[in-house]
2 protein chains.
Amino acid sequence: MQDSIRAIQWDGDVLKLLDQRLLPHQEIYIEYRDVGAIAEAIQDMVVRGAPAIGITAAYGVVLAAKHHLEKSPDNWRTTIQADLDTLARSRPTAVNLMWAIERMRRVITQASAEPLNDLLREAKRIHEDDIAANKAMGEFGAQLIETPCGVLTHCNTGSLATGGYGTALGVIRSAYAADKITAVYADETRPWLQGARLTAWELAKDQIPVTLIVEGAASHLMKQGKVAWVIVGSDRIAANGDVANKIGTYQLAVSAKYHDVKFMVVAPTSTVDLNIAGGDDIPIEARSPQEVLNISGQAIAANGAQAWNPAFDVTPAALIDAIVTEKGVVLQPTTGKMLAMMEKS
Amino acid sequence: MQDSIRAIQWDGDVLKLLDQRLLPHQEIYIEYRDVGAIAEAIQDMVVRGAPAIGITAAYGVVLAAKHHLEKSPDNWRTTIQADLDTLARSRPTAVNLMWAIERMRRVITQASAEPLNDLLREAKRIHEDDIAANKAMGEFGAQLIETPCGVLTHCNTGSLATGGYGTALGVIRSAYAADKITAVYADETRPWLQGARLTAWELAKDQIPVTLIVEGAASHLMKQGKVAWVIVGSDRIAANGDVANKIGTYQLAVSAKYHDVKFMVVAPTSTVDLNIAGGDDIPIEARSPQEVLNISGQAIAANGAQAWNPAFDVTPAALIDAIVTEKGVVLQPTTGKMLAMMEKS
């Protein structure tokens, strides 16, 4: 249940982000005072993880409001709109970004004597609510694991990807604390190596033993009976329970089904997009081929090779055993079950 | 149908191996005059690929024989045995290694006035036969592709992995020349990145366009209908058609089955081990965790992380549509069909 990492920190008038591109070798916080720089930080993956992006954007709106209130106090509600759009465009797949901006937009439209205070309060609430949601999901998810077993996770869904504690990694933290996990396997998650660089770093800090595998070894791992659950996060969940998540997730789900390994998706309700009926309509970000052709800035492929680099894929609800949100657990998700869960208070 | 790469070259009394650890950045041949150094070269993956390992070992036996003939001309057939054992132990999974040493052992036991000449002739025959087998498999495999389509390959199975031309990559070369391939996708194949470093390099040399993907993207690629065939090589095929190959192969086969993508294994009969009934009995090499924890000598994971690094996995025959050898094609392999194929002249 430990976790002392806070990758997103509001400090007076400054947003500090732990530069996740440099982990695990360097722990450096970058200070941001400008919303444009924050949009670039999201695009360039200084900060990543759907909930973390949403929280960062919320603080970005505070900085944007400060700027526009000073510059044009009478019509800042109009002049700020372009900055909100820039933030919203910084990454296309994680809906938490749009969700957080939408929450901030509602505060902007309110008549208020102290709009900046109200906006900062809302951003902090988004941040704190996310941590609370993670802790709740940790408990819900851990309860699903009936027999102590090995688990496999993908990408990074921990404190670094959220306000703190984590979604899938939060479940792993809670289940490990409850002695329900005998081994944590993390795949390295190319091309960004979030598993190797970030998840291993977080778990090592919490003294939870972790074993890395290359992604190609996941099916071999399952065949050998070393894991009973695959536990992942999400960047957007459609109304029918289809889940967009880091590229490689869908493959794990296909393989889990083949091996009778259970598949759990853990994400706050801010990740659920009821405006999208099914996964085929979720926009999938295509990132630069250079991320595949290079590792840590060093070319690995021959000149002339091209690369295809979709950052996410979609796992259909039919391959998912459980979706865990802070409102509870949806087993074998369907549109009806998802709507019922979302309507809970 | 091009291919000018010869990674294994016999030159007078010297074996030259293209150091595949340095590709694609440097093309450096290392000269070997000593069988112990050759065993280390196989272990350290200066040369890799099941057929290439077998050919290298055959030349290694020639060098060993030269040494022992000079040192103890009367009982060299006895003193050489330890060197043969060292070679055979250099890697455990690829049976071509044992097969080539066995062929050389038979020549050693023959009474001959010029044993060194006979051994060199046998090694060269193993080498030339492998290239001829590859060309034959190229034709057989290409014929299986009925409609022009995209294909996905794994690891490196080309000139670098064989005497020349390639097994799975030989099929791709032949099918591309016959206008049966619209796109070649290669997954990068962690941890050694044979796809990114070697396959892309070979195909670029032959001016065959290649698109790299991370391994996690393979299922997403299949779901989008971009490939109709997965084409791979093998390090050992059991009597029932179960196939050991580079880690990640099994996962591709599971996913191919789920997506109705066809799965072709291409390997010479020297890869078939009739002494092993099924894949569960094939020894799987466990390599150092450091190969996963580092890339190009640079640490990627946090201190304290462990890694599990099986170098191969086993794909059951039930997931394989075709096994292609130089003797022909086995569709939906079974023990009976495999035995019938092996008995062909």
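Computed from a predicted model, the values in this text were never measured in an experiment. Convention: sequence-line order gives letters A, B, ...; per-chain numbering from 1. Only this structure's heavy atoms are used, side chains among them; waters, hydrogens and symmetry mates stay out.
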Under 4.5 Å from a heavy atom of chain B, the part of [X] involved:
| X | answer |
| --- | --- |
| A:Glu202 | neither |
| A:Ala196 | both |
| A:Leu193 | side chain |

A:Arg190 side, atom CZ; B:Arg190 side, atom CZ - distance, nearest 0.5 Å
7.0 Å
Of the non-hydrogen atoms in A:Ala301 and B:Pro24, which two are nearest, and what is the gap between them?
C-CG, 3.8 Å
Heavy-atom nearest pair, A:Ile213 first then B:Val292, reads C-CG1, 4.5 Å
With only heavy atoms counted, which part of [X] is less than 4.5 Å from chain A, the side chain, the backbone, both or neither?
| X | result |
| --- | --- |
| B:Ala299 | both |
| B:Asn303 | backbone |
| B:Pro191 | both |
| B:Leu198 | neither |
| B:Lys246 | neither |
| B:His25 | side chain |

So which of [options] has the biggest tally of heavy-atom pairs under 4.5 Å with chain B?
| options | result |
| --- | --- |
| A:Ile300, A:Ile295, A:Val314 | A:Ile300 |
| A:Lys223, A:Arg197, A:Glu291 | A:Lys223 |
| A:Ile284, A:Leu221, A:Asn309 | A:Leu221 |
| A:Ala200, A:Ala307, A:Gly248 | A:Ala307 |
| A:Gly216, A:Ser255, A:Ala204 | A:Gly216 |

Just so I understand: if I count every heavy-atom pair under 4.5 Å between each of B:Pro289, B:Gly304, B:Ala253, B:Ala217 and chain A, which residue has the most?
B:Ala217
Answer key: most heavy-atom pairs under 4.5 Å with chain A among B:Gly195, B:Ala305, B:Ala186 is B:Ala305
With a 6.0 Å cut-off (strictly less than), is the heavy-atom count around CG of B:Asp280, excluding the residue itself, greater than 12?
no
Does anything in residues 216-238 of chain B pair up under ring pair (Phe, Tyr, Trp, His ring centres under 6.0 Å), and if so which pairs, sequence neighbours excluded?
A:Trp308-B:His220
Starting from the C-alpha separation in whole Å, work towards a yes-or-no answer on side-chain contact (heavy atoms from CB on, under 4.5 Å) for A:Gln251 and B:Gln251.
CA-CA 8 Å; A:Gln251 184 151 291; B:Gln251 184 150 290; 2.9 Å; yes
Considering residues at least two apart in sequence or located in another chain, which fulfil the ring-ring contact (aromatic ring centres under 6.0 Å, His included) criterion with A:Tyr250?
B:His259
